[in-house]
Amino acid sequence: MCGAWIAGGFSVILLLAGLALAANWIAGFRLGPPAADLTLPERTLLSIHLVIAGAELDRPAGEAEATFELQVAPGESASEVVEVLHAAAVVRNPALLRSYLRYRGLDRGVQAGAYDLRGTMTLAEVADALQSARAPEITITVPEGWRREQIADGVSSAGFAFGAADFLSQTETITSILLPEVENLSSLEGFLFPDTYRLPIDAGPQDLALAMLENFVRRVDVSLRASFQEQGLGLVEAVTLASIVEREATLAEERPLIAGVFIHRLRLGIRLESDPTVQYALGRQPDGNWWKSPLTLLDLDIDSPFNTYRFDGLPPSPISNPGIASLTAVGNPEQTEFLFFRAACDGSGRHVFSRTFEEHLAQACS
């Protein structure tokens, strides 16, 4: 009886040893070599866990809609990071991720920094992503229609290592390789594309300026430039007109019609008489506002080449940095016989349009 018991126990031991060897072999075959510092018992237990859950390793790790910007602080452990990802629904099975990280030796590679992670990633993809932290970044959002000085003010408050004066100085430099058309302009006004930018915390003013220019070149593509030519406008002329449309339009759906009115006036040789061009010429007001409103009759007589009440045609350069909607409106304006427009009196932000000056005067608010 005793011999049978010993033989049976020995058989169980052999079976367990065989299962352990098989688990180690399968894990090594599927996942690659284990971390060198694992003890045999630890490696075996991790291998068994990973082999049993094998199918789960190839499925999305978390919820499909989960996206998460992970910030890992210095000294934070891999186990703590996994719990954060579990709470964010990026990882459904934190124990399995911990086993995978430990088996591969990746738990020691999680560094302080930022990571962009999604629930649609597999556990292996999450683990690999955790090995490459993104450098700390600063985000700045530039709205459509801001002038260069407003962007510079935004730079000051965003937390960059450089200030407003540095940005203004940098954007007086013309990058002819990217935009040879702007070589004769005094600044990059109009070509600093409005968008949200994320740059390393140690970025310089040239990095932000270049990112904005590259974005402009990418968004204002060959097709859009061809549409400018169809309207008889070169790139600088089109951007200049779009910068005016950007400041005039409040409602997106009115941009093509406002662009159409201005193009109609240009073709007839009628002055644009656009308030934003006067506001640009007046510059910053004592209250800090860059766009004075309302304007006075004296304002409309300012002696500036940007004043389209006094000078024919377009201003010498853009007055703001337009977004893609205003640029597209200039390339694809609404064909119209309207020559005038003014703000409606209902506070809606919309405009009323007229064919004659008499109609325009009749639309004035009482």
Side-chain angles (χ1 to χ4, degrees), residues 11-139 141 195-201 211 215 218:
S11 298
V12 170
I13 292 172
L14 288 176
L15 177 61
L16 292 175
L19 291 173
L21 287 172
N24 283 327
W25 184 86
I26 294 171
F29 178 78
R30 288 201 59 200
L31 308 176
D37 64 337
L38 290 176
T39 64
L40 182 58
E42 187 180 13
R43 174 185 172 184
T44 299
L45 289 174
L46 290 171
S47 296
I48 292 172
H49 186 193
L50 294 170
V51 168
I52 291 174
E56 192 172 348
L57 291 172
D58 299 323
R59 292 197 293 263
E63 303 299 327
E65 66 277 7
T67 59
F68 187 59
E69 182 176 345
L70 173 69
Q71 297 288 339
V72 177
E76 195 168 5
S77 70
S79 183
E80 291 171 321
V81 168
V82 170
E83 287 305 318
V84 172
L85 295 178
H86 181 223
V90 172
V91 172
R92 189 180 299 108
N93 189 335
L96 185 59
L97 179 56
R98 278 193 293 268
S99 291
Y100 183 84
L101 286 167
R102 183 69 189 107
Y103 178 87
R104 294 275 315 278
L106 301 177
D107 52 331
R108 299 183 304 278
V110 179
Q111 302 172 346
Y115 302 83
D116 293 315
L117 301 170
R118 306 178 306 279
T120 54
M121 300 168 75
T122 66
L123 281 177
E125 289 172 334
V126 171
D128 288 339
L130 289 173
Q131 307 306 298
S132 301
R134 193 177 70 241
E137 293 177 326
I138 292 178
T139 300
T141 297
D195 208 337
T196 295
Y197 296 90
R198 292 168 55 167
L199 285 90
I201 197 168
N215 199 5
R218 182 169 57 253

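Predicted model only: the values in this text are computed from it and were never measured.
In terms of the salt bridge (Lys or Arg N to Asp or Glu O under 4.0 Å) criterion, residue partners of Glu137 (sequence neighbours excluded) are, by chain and number, Arg134, Arg198. Annotation: salt bridge (Lys or Arg N to Asp or Glu O under 4.0 Å) contacts of Arg59 (sequence neighbours excluded): none. Under the side chain to side chain contact (heavy atoms under 4.5 Å, CB included) criterion, Ala87 pairs with no residue, sequence neighbours left out. With sequence neighbours excluded, no residue forms a side chain to side chain donor-acceptor pair (under 3.5 Å) with Ser79. Checked against side chain to side chain contact (heavy atoms under 4.5 Å, CB included), Ala127 has the following partners two or more places apart in sequence or in another chain: Leu97, Tyr100, Leu101, Leu106. For Pro60, there are no side chain to side chain contact (heavy atoms under 4.5 Å, CB included) partners at least two apart in sequence or on another chain. Asn215 meets the side chain to side chain donor-acceptor pair (under 3.5 Å) test with Asp195, Tyr197, Arg218; sequence neighbours excluded. When the salt bridge (Lys or Arg N to Asp or Glu O under 4.0 Å) test is applied to Arg118, no partner is found at least two apart in sequence or on another chain. The side chain to side chain donor-acceptor pair (under 3.5 Å) check on Tyr115 picks up nothing, with sequence neighbours excluded. Checked against side chain to side chain donor-acceptor pair (under 3.5 Å), Thr196 has the following partners two or more places apart in sequence or in another chain: Thr141. In this view, Thr39 and Pro41, Glu42 satisfy the side chain to side chain contact (heavy atoms under 4.5 Å, CB included) rule, not counting sequence neighbours.
Here the straight-line distance linking atom CZ of Arg92 with atom NE2 of His86 works out to 9.5 Å at 0.5 Å rounding. Atom CD in Glu83 sits 5.0 Å away from atom CZ in Arg98 (nearest 0.5 Å). Here the straight-line distance linking atom CG of Leu85 with atom CG of Leu123 works out to 10.0 Å at 0.5 Å rounding.
Contact record, Ala78 with Asp107: CB-O, 3.5 Å, taken as the closest heavy-atom pair. Of all the heavy atoms in Ala64 and Thr120, the pair that sits closest is O-CG2, 3.5 Å. Scanning all heavy atoms of the two residues, the minimum distance from Ala112 to Ala73 falls at CB-C, 3.9 Å. What you find for Ala129 and Met121 is that their closest heavy atoms are CB-CE, 3.9 Å. Of all the heavy atoms in Ala66 and Ala88, the pair that sits closest is CB-O, 3.8 Å.
Put simply, the side chain of Asp58 does not reach to within 4.5 Å of the side chain of Thr122, judged on heavy atoms. You'll find the side chain of Arg102 stays beyond 4.5 Å of the side chain of Leu45, heavy atoms only.
Applying side chain to side chain contact (heavy atoms under 4.5 Å, CB included) to Leu70 and the options Asp116, Val90, Leu130 leaves one that passes, Leu130.
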